[in-house]
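In what follows, a single structure is set out as structure tokens and then discussed.
Nothing here was measured: the structure is a model prediction, and the numbers come from that model.
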Amino acid sequence: MERILDNLSVVMPFFIISWGIFTVSTLWKPQKFRNSILLMIALFFSVFFIASLAGKYMGTVLLFAFLFSFLALLLVPVMLIINGIVTIKREGKSLGHLLSLLLGLLIGAGEIAFGIGLALEVQSFSHEYTLSKLIAAFIGSSALYFSVLILAFVLYMIFMQFVPHFRSFDYLIIHGAGLIDGDKMSKLLSNRIDKAIKVFNRSKHKPIIIPSGGQGGDETVSEAEAMEKYLLEHGIPEEYILLEDKSVNTMENLQNSMDIIYSREGRHRVALVTSNYHVYRCLLYAKKIKLKCTGIGAPVAWYYWPSAVIREFVAVFTTKKFLIWTILGYILFVLFPAYEYARLI
């Protein structure tokens with residue numbers, strides 16, 4: 001018992017502080033990506049908290065926790081590869097559909113290199129610094145770094161599904177998606193509209209729905225018109241629908257819809273409805289144009305979701321703000337340790 005109390009005295013402050021910061025940040029700005037990082041940190045200290053309750057077996061519990069975490073990271077490339085194969089079979093070959101498979105192979109190769117290097121290090125019990133060890137450590141650390149980033153991003157997507165939101169809105173913006181054969185609704189788009197209809201039906205104060213999407217070169221009608229037809233067929237009165245049919249991308253969806261909303265009098269409590277993987281990027285763009293809104297995610301087919309998340313991951317993390325933080329993190333956790341290791345060779 002004394003051993004447990006000693007362990008808790010060290011771990012408890014970190015456990016409480018990490019969960020406290022996460023809770024405050026979530027309540028303050030629930031749709032910030034940093035909350036997923038804070039959640040991972042809180043879960044990290046939770047492992048130590050649980051292990052400390054094991055007393056003298058704390059080391060054993062931490063070892064199993066480490067192995068479990070490493071297996072979770074190994075599942076990232078495995079699931080990406082499986083998803084890539086399934087998506088290609090279902091949707092056909094394209095660069096977008098190949099992303100999951102290629103990224104899975106790349107990350108998997110890096111993690112395998114890291115595992116082999118670590119196993120050889122443990123087996124040899126050698127502290128000799130060599131170029132081959134440096135290369136293996138660098139490749140493996142790079143793969144693990146980006147695996148953690150992807151896991152954090154996925155965690156955010158899941159987390160966003162549980163963020164509470166007001167049920168009473170004045171406007172619902174539905175983000176368009178490509179039509180099939182020029183005028184037919186895709187499952188991806190119908191899921192977005194179904195989610196908006198659920199929000200509409202649950203609202204005591206019925207909001208105006210703004211289907212947003214222009215007409216592509218291979219489309220016979222605008223996405224907004226196709227969505228309007230779907231809404232009318234599913235019982236939404238025409239007077240609650242306002243079309244935005246000029247936009248060609250996500251930013252224009254938001255900007256044009258905002259212009260419509262703020263040209264009208266009254267309260268402007270806004271929600272945007274899109275696929276769950278797309279919510280974060282939409283909120284980034286909304287913040288850029290100073291549109292205050294809540295993001296609501298619609299479900300996506302399981303085989304499509306990973307590839308879509310990867311595309312969003314690339315889109316988000318190549319923006320200026322996230323690219324800077326990603327590079328700084330890479331320098332701190334990968335390049336700097338590699339540089340220090342190289343100095344010892």
Side-chain angles (χ1 to χ4, degrees), residues 11-50 65 68-69 72-73 75-76 79 144-167 169 173 175 192 195 199 250-251 254 269-300 305-306 308-330 332-333:
V11 174
M12 184 71 79
F14 295 99
F15 174 77
I16 294 175
I17 292 172
S18 61
W19 278 104
I21 293 174
F22 167 72
T23 303
V24 171
S25 179
T26 302
L27 293 175
W28 180 35
K29 292 187 176 180
Q31 293 171 327
K32 284 288 186 180
F33 175 72
R34 65 164 179 253
N35 294 328
S36 63
I37 303 296
L38 293 174
L39 178 58
M40 290 186 74
I41 294 172
L43 290 173
F44 173 78
F45 285 114
S46 296
V47 171
F48 279 88
F49 174 75
I50 294 171
F68 177 80
S69 300
L73 289 174
L75 280 175
V76 171
M79 294 306 296
L144 289 175
Y145 176 76
F146 287 104
S147 293
V148 170
L149 285 183
I150 293 172
L151 281 177
F153 195 70
V154 170
L155 182 63
Y156 169 82
M157 297 300 171
I158 297 172
F159 171 71
M160 285 297 297
Q161 302 307 298
F162 299 98
V163 175
H165 55 75
F166 294 107
R167 287 193 174 181
F169 297 101
I173 301 171
H175 286 264
R192 296 180 183 183
K195 187 69 174 182
V199 176
T250 300
M251 180 64 85
L254 293 167
R269 182 177 287 172
V270 182
L272 58 88
V273 182
T274 186
S275 302
N276 50 28
Y277 67 83
H278 193 226
V279 170
Y280 184 64
R281 183 151 60 104
C282 288
L283 292 175
L284 279 181
Y285 290 164
K287 183 179 179 181
K288 187 175 292 187
I289 64 174
K290 301 185 184 331
L291 171 62
K292 293 183 179 180
C293 60
T294 297
I296 300 176
V300 176
W305 195 76
V309 169
I310 291 167
R311 289 196 292 272
E312 290 299 302
F313 176 82
V314 173
V316 168
F317 279 83
T318 52
T319 57
K320 183 178 179 180
K321 177 181 177 181
F322 281 94
L323 186 60
I324 291 173
W325 281 109
T326 301
I327 292 173
L328 287 176
Y330 188 73
L332 180 62
F333 295 108

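- Rounding to the nearest 0.5 Å gives a distance of 13.0 Å between OG of S18 and CE of M40.
- For F322, the side-chain contact (heavy atoms from CB on, under 4.5 Å) criterion is met by F33, Y280, L284, V316, F317, T319, not counting sequence neighbours.
- No donor-acceptor distance shorter than 3.5 angstrom exists from the side chain of S25 to the backbone of F22, with no hydrogens or angles considered.
- Here the straight-line distance linking atom NZ of K290 with atom CG of L254 works out to 14.5 Å at 0.5 Å rounding.
- Here CG of N35 is found 11.5 Å from CD1 of I21. Values are rounded to the nearest 0.5 Å.
- A 4.5 Å side-chain heavy-atom check between L43 and V47 finds every atom pair outside the cut-off.
- T294 is not listed as a side-chain neighbour of L272, based on a closest heavy-atom distance of 4.5 Å or more.
- One finds the CZ atom of F14 at 10.0 Å from the CZ atom of F44 (value rounded to the nearest 0.5 Å).
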Pair C293-L283, side chain to side chain contact (heavy atoms under 4.5 Å, CB included): steps then yes or no: CA-CA 8 Å; C293 60; L283 292 175; 4.1 Å; yes

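- The closest side-chain heavy-atom distance from W19 to V24 is not below 4.5 Å.
- By the 4.5 Å heavy-atom criterion applied to side chains, I173 and L291 are counted as neighbours.
- Under the 4.5 Å side-chain criterion, counting only non-hydrogen atoms from C-beta, T326 is in contact with Y145.
- With R192 contributing its side chain and H175 its backbone, the two residues share a donor-acceptor pair below 3.5 Å.
- F45 is not listed as a side-chain neighbour of I50, based on a closest heavy-atom distance of 4.5 Å or more.
- The line from CD1 of I41 to OG of S46 is 11.5 Å long, rounded to the nearest 0.5 Å.
- A side-chain donor-acceptor contact under 3.5 Å links H278 and T250.
- Contact annotation: the side chain of T274 never approaches that of K195 to less than 4.5 Å [non-hydrogen atoms, C-beta and beyond].
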Assess the residue pair V270 and F169 against the criterion (side chain to side chain contact (heavy atoms under 4.5 Å, CB included)); give the C-alpha distance rounded to whole Å, side-chain angles, the decisive distance to 0.1 Å, and a yes or no. CA-CA 6 Å; V270 182; F169 297 101; over 6 Å; no

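- Judged by distance alone, the side chain of Y285 and the main-chain N or O of M251 form no donor-acceptor pair under 3.5 Å.
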Before giving the answer on side chain to side chain contact (heavy atoms under 4.5 Å, CB included), spell out for I296 and V279 the whole-Å C-alpha distance, their side-chain angles and the decisive distance to 0.1 Å. CA-CA 7 Å; I296 300 176; V279 170; over 6 Å; no

